[in-house]
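A short worksheet on the structure shown next.
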Amino acid sequence: MSAADELTPAVVTAARKPRWSPTFTIGLILVGIHVAIALLTLFWTPYDPTSTTGGRLEPPSFIHWAGTDRLGRDFFTQIMIGSRIALIVGAGAVAIGAAIGVTIGLLAAFATRFLDDALAATLDILIAFPTLLLAMLVVAASEGASLWSAILALGIAMSAIVARLTRILAKRVLQNDYITASRTSGTSWPGVVVRHVLPNIWPTLSVNFALQFGIAVIAESSLSYLGLGAPPPNASWGRLLQEAQGTVYTAPIGAIAPGIALVTLVIGINLLADGLRDIGDPTRRISR
Amino acid sequence: MTPLLSVDGLTLKTGDKTLVSDLSFSLGAGERMGLIGESGSGKSLTAMAVTGLLPKSIVPAGSILLDGQQVVGTLERTLNGLRGSSVAVVFQEPLTALDPLMKIGTQVAGPLGRRLAREGKSPPRREVDREVLQFLDHVALPQPERIANSYPHEISGGQRQRVAIAMALACKPKLLIADEPTTALDVTTQAEILKLLDSLVRELGMALLFISHDLPVVATVVDRVTVLRNGRAVEEGPVKAVFDQPRHDYTKTLVEAARSFDNALEGTA
């Protein structure tokens, strides 16, 4: 057989370009809208979010797109600011969860048997706690409820899940021949982590981060709903929902609007997560 | 002259089980030796012991002197300096020996960059890339630019093994360990890879430790062989002597098995 016979079919090379994926596109659009709105609120909102600009509990109109709340503040403005808070909390929680989780997970994967078992057991106990309960504990332990305590709480609660996933993924990658091959050519352990382990666990990890982002957004709403999230005047969707509870029959828009905002963002993130998996892994691109 | 690799009384144990016992051999610079035996005879473990990369559960005893450095019981950091500069390995499975998520060019650039750094050079990225292409060309890969830009799953098994060899060569090691480098390949590719390995080792003046269970394959590339059985060296000597007049019963069985296989092939041809 000559070397030319070993040539790969052109199809394989052509398929390397990621295919267009409708789920990813829809996810990107949904999340993109929320990100755009969140950025917009930094410079401009239809009304001042804290001042009364209409009657109390006005229904949706051209002047107030989503009506007004109990104090006569523009509701659409508050939903817009809610986007910003949801995204900050999601991103912050994922960043903290990833930083702590990946570090602990990698340590466990490289640790001696005893330390690894101890870490794994600790993680299992932490995961057995419901995320929300753990987050509530952290908020309660910190000095009062604030946006940052909510982010920290969710990040810590999330880190256990990320750590366990990282540990398992890293262990599986470390068993591969290419790790040994890389080691025999003189790659140090830190080099192996940066060159091989992180890139190989990233496709799975990034999907998990995206899903955790969605979970964090919902969890933040739950915390705010319970009064443990960002306190007023921060317009978290959870707090808006909680405030709308008493007037849900007379002004249903107060519950519907934050609900729609929450659902569209979380669905968007989940669709994005789905699409990410296909983009992150070149071996998957041809199998699609 | 002290030999490049000198293994003395090497014993590998896991728990109570002895996997390799009292194995001794030595290999001078530029020498080529075969380590043969059936699977489970401890050939690959011996190779891993030489690189200091045994699984944690396997405990080595005895002495392995590689390039003047004791390997058994030495700190990881010292050993890591030996890997790549003194020894490099080509593995059996080309399918799994390459990182699936890294482009071939980047993979070859890794060990190459480390060697250049060892030599005190830090050439710009473009020059490293050019040298990567040279190595890919050296192992007779067609269209090096395209291969360098491909992921492992986009090229064939034979091509991957060539890449693995290119990576080992990029280290310019004094000793190349080839751990059954042709076993996973089909017969025609096998012959090509052997020829390539043979000519490259000669050209670069490296020592070769060739591990295989396949006698004819070993005979084509090495000068001396050590026959392993159940972790013990049962016979040692020049290829011709061992294969023509095997003294040990086990070697006789191996040689006869290979011969009867050849005869069978010729009979049907």
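Here the structure is a predicted model, which means the values were calculated and not measured. Throughout, a chain's letter reflects where its sequence line sits, starting with A, and its residues are numbered from 1.
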Could you state the interatomic distance from CG (B:L79) to CZ (A:R183), rounded to the nearest 0.5 Å?
9.0 Å
Checking heavy atoms, do the side chain of B:Q92, its backbone, both or neither come under 4.5 Å from chain A?
neither
Quick check: are there more than 12 heavy atoms from other residues, nucleotides or ligands sitting under 6.0 Å from CZ of A:R172?
no
Per-residue contact mode, B:L98 against chain A (heavy atom under 4.5 angstrom)
backbone
What distance separates B:I177 CD1 from A:T184 OG1, expressed to the nearest 0.5 Å?
8.5 Å
For B:L101, run the side-chain contact (heavy atoms from CB on, under 4.5 Å) check against A:N200, A:V173, A:I201 and tell me which one passes.
A:N200
Please classify the contact of A:R195 with chain B as side chain, backbone, both or neither, using a heavy-atom distance under 4.5 Å.
both
Compare every heavy atom of A:T180 with every heavy atom of B:L53, then report the nearest pair and how far apart it is.
CD1-O, 4.1 Å
Give, as side chain, backbone, both or neither, the part of B:M167 having an atom under 4.5 angstrom from any heavy atom of chain A.
neither
Minimum-distance pair of heavy atoms, taken over all atoms of A:A181 and B:F91:
CA-CE1, 3.4 Å
Enclosure of A:W148 CH2 (heavy-atom neighbours >12, cutoff 6.0 Å):
no
Once rounded to the nearest 0.5 Å, what's the spacing between atom CD of B:E93 and atom CG of A:N176?
11.5 Å
Side chains of B:P100 and A:Y178: does their closest heavy-atom pair fall under 4.5 Å?
yes
side-chain hydrogen bond (donor to acceptor under 3.5 Å, both in side chains), paired with A:S185, selected from B:Q107, B:R83, B:R114:
B:R114
Minimal heavy-atom distance between A:F110 and B:K56, with the atoms involved, is O-NZ, 4.2 Å
Quick one: pull up CD1 in A:I179 and CG in B:D99 and give me the separation to the nearest 0.5 Å.
7.0 Å
